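See structure below.
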Amino acid sequence: MTMTRSRPTDAFAGTAIYVPPGWPEAVRPPGTPDWEDTAAAFLLDCCPADYRAYPVLRRHPVVLARFAADFVESQIRASRDSLGGLRAGLQGYVDPRVVQSAADACQEQEASLVRTRRAVALIEEALRGKVFLRRL
C-alpha cells in the first residue's frame with residue numbers, strides 16, 4: 001500500500017476518508033457511495049463531448065480515465081505549442097498588449113490543464129485500487 005500525503009475532504013470531514021491534494025471537489029472520495037459515478041462524470045467533462053457516445057467508456061471508468069488522461073495530456077502539449085507560436089503569429093496584426101493578454105490567457109489555460117491532469121491521474125489511481133492514507 002502506498003502512503004500519500006492527503007487532506008480530509010470537506011464533505012466528509014470527521015470521517016476516516018482522506019484524499020490527496022489535487023483531488024477534485026466534485027468527485028466523492030474512493031470507497032464512498034457512488035464515488036465511481038462522480039468520478040466518471042468528472043472524467044467525461046474532461047473529454048470531448050462525443051466520448052459520451054462510446055458505451056465502453058461509460059461502462060468502464062478505468063478505461064475512461066485512461067482516455068481522459070491521454071486527452072488532457074494532448075491538450076497540455078497543444079497549449080504549449082500555441083504559446084510558442086503566439087507572439088510570432090499575431091505580431092503586426094494586433095497591439096502588443098493584446099498579444100501579451102493572449103499569452104497570459106494561454107498560460108492560465110495551461111496551468112488549469114496541469115491541475116486537471118493531476119486530478120485525472122489521482123482518479124485513475126483510485127480506480128485501479130490505490131488507497132490514499134494520511135501520513136502521520
Side-chain angles (χ1 to χ4, degrees):
M1 190 174 325
T2 303
M3 300 293 282
T4 304
R5 276 186 75 156
S6 58
R7 63 174 168 76
T9 63
D10 297 333
F12 295 90
T15 68
I17 299 173
Y18 290 90
V19 292
W23 186 266
E25 289 183 22
V27 178
R28 293 173 151 256
T32 60
D34 302 321
W35 92 268
E36 286 187 1
D37 292 338
T38 63
F42 177 86
L43 294 169
L44 283 167
D45 286 345
C46 295
C47 296
D50 57 339
Y51 279 28
R52 294 175 188 275
Y54 295 98
V56 68
L57 300 180
R58 296 187 69 75
R59 285 189 204 119
H60 302 282
V62 73
V63 176
L64 174 59
R66 181 78 321 251
F67 272 61
D70 290 341
F71 180 75
V72 171
E73 190 62 40
S74 72
Q75 294 296 83
I76 291 170
R77 283 192 306 273
S79 181
R80 289 178 179 159
D81 289 348
S82 177
L83 182 60
L86 192 66
R87 293 185 198 288
L90 293 176
Q91 183 179 1
Y93 292 100
V94 294
D95 186 271
R97 290 176 298 208
V98 174
V99 174
Q100 185 57 50
S101 292
D104 292 345
C106 192
Q107 290 173 324
E108 287 177 31
Q109 180 61 30
E110 182 183 339
S112 175
L113 287 165
V114 168
R115 288 188 299 274
T116 299
R117 176 177 59 190
R118 166 99 173 127
V120 169
L122 291 170
I123 291 170
E124 184 174 17
E125 288 180 293
L127 288 167
R128 292 175 182 263
K130 182 172 182 176
V131 175
F132 302 106
L133 300 174
R134 181 170 45 169
R135 249 180 232 215
L136 301 176

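None of the values given here were measured: they were computed from a predicted structure. Just so you know, these numbers use all the heavy atoms, side chains as well, and skip hydrogens, waters and symmetry mates.
Applying the side chain to side chain donor-acceptor pair (under 3.5 Å) test to residues at least two apart or on different chains, the pairs with a partner in residues 50-67 are D45-R52, R66-D70, R66-E124. Listed by first then second residue, pairs satisfying ring-ring contact (aromatic ring centres under 6.0 Å, His included) with a partner in residues 78-105 number zero, not counting sequence neighbours.
Looking only at distances, a side-chain donor or acceptor of T116 sits under 3.5 Å from a matching main-chain atom of S112. With W35 contributing its side chain and A39 its backbone, the two residues share no donor-acceptor pair below 3.5 Å.
Qualifying side chain to side chain contact (heavy atoms under 4.5 Å, CB included) partners for A40, counting only residues two or more places apart in sequence or in other chains: L64. The salt bridge (Lys or Arg N to Asp or Glu O under 4.0 Å) check on E73 picks up R117, with sequence neighbours excluded. For S82, the side chain to side chain contact (heavy atoms under 4.5 Å, CB included) partners at least two apart in sequence or on another chain are C106.
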Result block: side-chain N/O donor-acceptor pairs under 3.5 angstrom for residues 98-105, not counting sequence neighbours:
from	atom 1	to	atom 2	distance (Å)
Q100	OE1	R87	NH1	3.2
Q100	OE1	R87	NH2	3.3
Q100	NE2	D104	OD1	2.7
S101	OG	R97	O	3.1

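Atom CG of residue L86 and atom CD of residue Q107 lie 9.5 Å apart, to the nearest 0.5 angstrom. Here the CD atom belonging to E110 is positioned 11.0 Å from the CZ atom belonging to R115, to the nearest 0.5 angstrom.
Here the shortest heavy-atom pairing between L43 and P61 reads CD1-O, 4.1 Å. Of all heavy-atom pairs spanning V27 and W23, the tightest one is O-NE1, 2.9 Å. Nearest heavy atoms, R118 versus G22: CG-CA, 4.2 Å. Of all heavy-atom pairs between F42 and P24, the closest is CE1-CB, 3.6 Å. Here the shortest heavy-atom pairing between L122 and P21 reads CD1-O, 3.5 Å. Among all heavy-atom pairs drawn from T38 and R28, the shortest one is OG1-N, 3.0 Å.
In this structure, F67 places its CZ atom where only 12 or fewer heavy-atom neighbours from other residues, nucleotides or ligands lie under 6.0 Å away.
A chain of hydrophobic side-chain contacts below 4.5 Å, direct or via other Ile, Leu, Val, Met, Phe, Trp or Tyr residues, connects L44 to I123.
Within the 4.5 Å cutoff, side-chain heavy atoms of P30 are placed close to those of V19.
Exactly one of C46, S79, S74 qualifies for a side chain to side chain contact (heavy atoms under 4.5 Å, CB included) with L113. That residue is S79.
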